[in-house]
Amino acid sequence: MGGRRDRRRRRPARPRPGGGDPAEEDQLSAAGPARRPGRRPGNPDTRDAVLAAAREAFAERGFDGATIRGIAGAAGVDPALVHHYFGNKDKLFLAAIEAPSNPAELLPEVLAGGHENLGENIVRLLLRVWDGPMRPAALALVRSAVANEWTAKLLREFLVSQILRRVVGTLGLPTAEREARGSLAASQLIGLVMARYVLRVEPLASAAPESIVAAVGPTVQRYLTGEVELPQA
C-alpha cells in the first residue's frame, strides 16, 4: 500500500498543450496575460507630438509648404511613423485641425452637377454639414479661429487647399484668376456661417436650408464662373 501511495505521489505532472515546463507556465500566467500578436498600439504622446508639430508647420508654411519629413523632424520621429499614424498629408492636416468632415468624401456631390450648379451645390453641402451631427465640431473650429491667429490660418488653409481649390480647379482657369475667384467664394461662405451659426442673425438663422441655397447660391456661382471684378494685389 505504502509503495503504491508513494508512486502516485511522485508521478510527474502531465504536460500541458504546447509543451513547456508547467511551473514556468504558472509563473507566466501569474504575471498577466500574454500580449496578443499584431501591431502594437500607438503611443499617445508620440501622436500628440506629431499633431503639435503639424499644426505649427501648416500654420506657418501653409498646406503646400509643409512636408511630412519636416513635421516628423520637428516631432522627433521617423517620417514612416507619421504615415503609420495618419496615412498621408491630407489626413494629417484634417486630424491637426480636427476637421468636422473630410472634403474629399463630400466634394463629388458638389462637382456632380456640372459647372453651372457649383454655387448652389457648395452652399447646399455647407448647410448639410453645419445642420447635421458635425455642427458642434465645426462651430468649435470657427470660434477658435476667431480668437486664435494660428487656428485662423489653419481654417483658411482648410477652406482654400481642401475645398475651394479643388472646386475651382475643375474650371480650367489661370492660377491668378482661380485664386481670386476662390477668395471671393470663401468670403461669401464664411460670412454665411458666421451670420447663421455664430451670430445667429435672423431671419437667416432660422431660414430653411433650400431658401438659403436659392438666395446665396447664385452669388457664389457668379464669383466662381460669372462676370465679376476680380480683386488684385
Side-chain angles (χ1 to χ4, degrees), residues 38-108 110-111 122 125-126 129-130 134 136-187 189-190 193-194 224 230-233:
R39 178 175 292 176
R40 293 184 179 181
N43 185 336
D45 292 338
T46 301
R47 191 177 188 278
D48 289 345
V50 172
L51 287 174
R55 292 187 187 102
E56 182 174 353
F58 288 129
E60 289 184 351
R61 293 184 284 278
F63 180 82
D64 293 332
T67 65
I68 292 289
R69 184 174 297 277
I71 291 170
V77 301
D78 189 276
L81 191 60
V82 180
H83 287 289
H84 164 72
Y85 280 127
F86 302 101
N88 57 36
K89 190 166 77 167
D90 279 18
K91 293 180 180 179
L92 172 59
F93 178 77
L94 295 176
I97 69 169
E98 300 180 5
S101 61
N102 185 348
E105 299 173 357
L106 302 176
L107 283 178
V110 174
L111 304 177
I122 290 176
L125 176 60
L126 179 74
V129 169
W130 275 86
M134 291 178 282
L139 189 58
L141 179 61
V142 171
R143 284 176 171 165
S144 179
V146 172
N148 187 288
E149 182 180 356
W150 275 28
T151 309
K153 292 179 179 179
L154 293 173
L155 179 58
R156 180 194 65 202
E157 285 298 315
F158 175 67
L159 289 172
V160 172
S161 67
Q162 300 294 308
I163 300 178
L164 291 173
R165 181 184 297 173
R166 298 183 183 188
V167 172
V168 183
T170 65
L171 301 176
L173 301 172
T175 301
E177 182 178 356
R178 185 168 63 237
E179 292 178 352
R181 287 183 178 276
S183 68
L184 289 173
S187 71
L189 298 176
I190 294 171
V193 167
M194 291 295 296
L224 293 175
L230 298 176
Q232 299 180 2

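Here, residue 1 is the first one in the sequence, and each next residue gets the next number.
- Within the structure, every pair that satisfies the side chain to side chain donor-acceptor pair (under 3.5 Å) test and touches residues 167-185, not counting sequence neighbours, is listed here: Thr175-Arg178, Glu177-Arg181.
- Across every non-hydrogen atom of Met194 and Val142, the tightest pair is SD-CG1, 3.6 Å.
- Proximity of Phe86 to Leu94: side-chain heavy atoms (C-beta onward) are nowhere separated by under 4.5 Å.
- In this structure the side chain of Val50 reaches within 4.5 angstrom of the side chain of Leu92, judged on heavy atoms.
- Rounding to the nearest 0.5 Å places CG of Leu159 at 9.5 Å from CD of Glu157.
- Other residues, nucleotides and ligands contribute at most 12 non-hydrogen atoms within 6.0 Å of the NZ atom of Lys91.
- Under a cut-off of 6.0 angstrom, the local environment of CZ in Arg69 is sparse, with at most 12 non-hydrogen atoms contributed by other residues, nucleotides or ligands.
- Salt-bridge formation is not detected for the pair Arg55/Asp48: no Lys NZ or Arg NE/NH1/NH2 atom is positioned less than 4.0 Å from an Asp or Glu carboxylate oxygen.
- Residues Ala53 and Ala74 share a closest heavy-atom pair of CB-CB, 3.9 Å.
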Go through Ile163 and Leu189 one step at a time and tell me if the side-chain contact (heavy atoms from CB on, under 4.5 Å) criterion holds. CA-CA 11 Å; Ile163 300 178; Leu189 298 176; 5.9 Å; no
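- The nearest pair of heavy atoms linking Leu154 to Phe93 is O-CZ, 3.6 Å.
- Smallest separation of non-hydrogen atoms from Gly182 and Leu164: O-CD1, 3.2 Å.
- The shortest distance between side-chain heavy atoms of Ile122 and Leu224 falls below 4.5 Å.
- At least one side-chain heavy atom of Tyr85 sits less than 4.5 Å from a side-chain heavy atom of Thr46.
- Smallest separation of non-hydrogen atoms from Ala145 and Leu155: CB-CD2, 3.7 Å.
- Contact between Ala66 and Ile71 at its shortest, heavy atoms only, is CB-CD1, 4.4 Å.
- To the nearest 0.5 angstrom, Gln232 atom CD is 7.5 Å from Leu230 atom CG.
- Between Asp64 and Arg165 there is a salt bridge, since a side-chain N of the basic residue sits under 4.0 Å from a carboxylate O of the acidic one.
- In this structure, Lys89 satisfies the cation-pi test against Phe63, with its NZ or CZ atom closer than 6.0 Å to the six-membered ring centre and inside 45 degrees of the ring normal.
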